[in-house]
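These notes concern the structure reproduced below.
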Amino acid sequence: MGKASVAEIKELMSATGVGMMDCKKALEENDGDREKAIEFLREKGLATQAKKSGRAAAEGVVTAVVKGEVGVILEINTETDFAANTDDVRNFVAAVAETIIEKNPADVDALMNVTISGGSNTVSEALTDLAGMKIRENIVIRRFVRFEGKLASYIHNGGSIGVLVKMDTDLDADAVALIGKDVAMQSAALGAAYVKREDVPAEVIENERKIMMTQMAEDPKMAGKPDQVKNKIIDGKVEKFYKENCLLEQAFVKDDKVSVQGYVDAEAKKLGGSIKVVECIRFERGEGIEKKVDDFAAEVASMTK
């Protein structure tokens with residue numbers, strides 16, 4: 001049984017919403033393995049599905065841009081929120097997004113070596129100049145995805161979340177733009193892990209069923225019920241999992257009487273065509289990046305002696 005660090009405890013608390021001592025115990029019971037600790041807490045009924053953005057966020061900007069039938073979603077990180085909101089950084093983010101649209105680089109490494117849109121330097125040279133001469137803090141081009149086709153985008157809260165949606169449709173881009181934006185806003189608000197149930201890996205559902213069965217075994221009211229009854233209850237819970245975690249099966253935020261799929265189908269019918277949401281990419285600023293623990297250590301130390 002290993003000893004949990006302050007950073008690990010804080011991270012698990014943030015990811016699950018569970019109290020400090022329970023998180024400490026879960027980590028120590030599972031030798032510091034975060035994913036096993038989350039599963040341990042869920043089996044005990046203390047945590048639901050872990051939040052995607054469980055780890056502390058870095059600063060920076062997320063943007064999503066569509067030009068014609070080409071679009072990009074991009075995250076660039078800075079050390080401070082102040083730097084992220086300067087005109088210099090915002091202009092750099094816009095230029096990098098334009099570069100990705102124009103040059104179609106394979107990845108971030110390839111992007112660094114192409115000439116930045118509207119300039120004569122490479123993206124790498126422009127970044128070095130911005131970080132070293134103007135902003136004077138670390139700036140990182142973290143990730144991007146580029147799509148071609150019928151697209152829609154949405155940026156939330158000035159760049160804290162960005163979403164890029166790709167649709168397969170027989171309608172023109174202007175006709176489906178608002179519908180696609182509504183889907184993107186849904187993703188920004190609720191952060192579904194998958195677009196449709198077919199995207200959910202079989203092992204994920206198998207693990208969900210295992211956790212649910214363990215929860216029932218530890219519930220005195222459920223433990224004695226026949227397996228047939230338990231499996232039927234679990235089938236219902238799996239359906240709920242799909243409705244919570246698959247974008248197209250979620251209740252539509254603008255009208256919770258219909259699903260997102262229902263909304264898309266109804267709007268497509270009004271326009272005399274069909275729309276299929278093919279892909280949806282959601283970036284949340286700083287997702288998965290750890291920051292300094294600060295004064296939390298003293299608080300944990302005082303409570304865990």
Side-chain angles (χ1 to χ4, degrees), residues 49 51-53 61-75 93-94 97-98 100-102 104 143-201 204-205 235-285 287:
Q49 188 78 0
K51 294 180 285 185
K52 285 181 68 179
S53 56
V61 180
V62 174
T63 192
V65 181
V66 174
K67 290 204 166 185
E69 293 198 351
V70 181
V72 63
I73 181 169
L74 165 72
E75 179 181 6
V93 171
E98 186 70 25
I100 296 167
I101 289 173
E102 293 174 358
N104 192 18
R143 53 182 173 167
F144 71 85
V145 173
R146 183 183 184 275
F147 283 154
E148 294 185 8
K150 304 291 177 63
L151 310 171
S153 64
Y154 173 69
I155 304 169
H156 180 69
N157 194 28
S160 62
I161 297 172
V163 181
L164 186 63
V165 174
K166 182 176 180 179
M167 296 164 285
D168 183 3
T169 177
D170 50 7
L171 299 163
D172 64 61
D174 290 339
V176 301
L178 183 58
I179 300 166
K181 184 177 180 181
D182 279 341
V183 174
M185 290 174 68
Q186 173 90 19
S187 176
L190 298 182
Y194 311 97
V195 174
K196 55 189 182 301
R197 67 171 60 195
E198 291 78 12
D199 297 334
V200 183
V204 170
I205 297 302
D235 288 342
K237 289 178 177 289
V238 168
E239 282 299 311
K240 184 179 179 183
F241 174 89
Y242 284 132
K243 286 177 169 56
E244 291 176 347
N245 292 279
C246 298
L247 175 64
L248 296 177
E249 298 199 26
Q250 289 180 334
F252 184 43
V253 290
K254 289 187 174 182
D255 179 4
D256 61 9
K257 294 181 178 62
V258 298
S259 66
V260 174
Q261 182 69 68
Y263 161 73
V264 171
D265 290 344
E267 293 302 307
K269 187 176 180 180
K270 289 178 188 176
L271 295 170
S274 64
I275 302 170
K276 180 182 179 182
V277 177
V278 179
E279 294 186 78
C280 179
I281 302 295
R282 180 186 187 273
F283 285 175
E284 186 165 347
R285 178 178 60 207
E287 188 174 50

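Side chains are part of it too, since the values below use all heavy atoms of this structure and drop only hydrogens, waters and symmetry mates.
Closest approach of Arg285 and Val61 over heavy atoms only: CD-N, 4.1 Å. Nearest approach of Val165 to Val277, heavy atoms of both residues: CG1-CG1, 4.1 Å. Residues Ala97 and Val65 approach most closely at CB-CG2, 4.2 Å, considering heavy atoms. Residues Ile73 and Ile281 come closest through the heavy atom pair CD1-O, 3.6 Å.
In this structure, the side-chain contact (heavy atoms from CB on, under 4.5 Å) partners of Arg197, at least two apart in sequence or on a different chain, are Glu239, Tyr242, Cys246, Glu249. For Lys196, the side-chain hydrogen bond (donor to acceptor under 3.5 Å, both in side chains) partners at least two apart in sequence or on another chain are Asp199. Scored by the side-chain contact (heavy atoms from CB on, under 4.5 Å) test, Asp255 finds Phe252, Lys257, Val258 as partners (sequence neighbours excluded). Asn104 pairs by the side-chain hydrogen bond (donor to acceptor under 3.5 Å, both in side chains) definition with Arg146, not counting sequence neighbours. In this structure, Lys237 has no salt bridge (charged side-chain N to carboxylate O under 4.0 Å, His left out) partners at least two apart in sequence or on a different chain. Partners of Lys269 by side-chain contact (heavy atoms from CB on, under 4.5 Å), not counting sequence neighbours: none found. The side-chain hydrogen bond (donor to acceptor under 3.5 Å, both in side chains) check on Glu279 picks up nothing, with sequence neighbours excluded. Among residues two or more places apart in sequence or in another chain, the side-chain hydrogen bond (donor to acceptor under 3.5 Å, both in side chains) test is passed with Asp265 by Gln261.
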Cut-off 3.5 Å, no hydrogens considered: what does the side-chain donor-acceptor table look like for residues 177-194, sequence neighbours left out?
| from | atom 1 | to | atom 2 | distance (Å) |
| --- | --- | --- | --- | --- |
| Asp182 | OD1 | Lys254 | NZ | 2.7 |
| Asp182 | OD2 | Tyr263 | OH | 2.5 |
| Gln186 | OE1 | Val253 | N | 2.9 |
| Gln186 | NE2 | Gln250 | OE1 | 3.1 |
| Gln186 | NE2 | Ala251 | O | 3.0 |

Using atom types as modelled, flag every donor-acceptor pair under 3.5 Å from a side chain in residues 149-159 to any protein atom, sequence neighbours excluded.
| from | atom 1 | to | atom 2 | distance (Å) |
| --- | --- | --- | --- | --- |
| Lys150 | NZ | Leu171 | O | 2.8 |
| Tyr154 | OH | His156 | ND1 | 3.2 |

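Taking OG of Ser274 as the start and CE of Met167 as the end, the distance is 12.0 Å to the nearest 0.5 Å.
Listed by first and then second residue, the side-chain hydrogen bond (donor to acceptor under 3.5 Å, both in side chains) pairs involving residues 159-175 amount to none (not counting sequence neighbours). Residue pairs meeting the side-chain hydrogen bond (donor to acceptor under 3.5 Å, both in side chains) criterion with at least one member in residues 61-73, sequence neighbours excluded: Lys67-Glu98.
Side-chain atoms of Glu267 and Lys270, non-hydrogen and from C-beta on, do get closer than 4.5 Å to each other. When side chains are defined from C-beta on, Ile161 does not count as touching Val62, because their heavy atoms never get closer than 4.5 Å.
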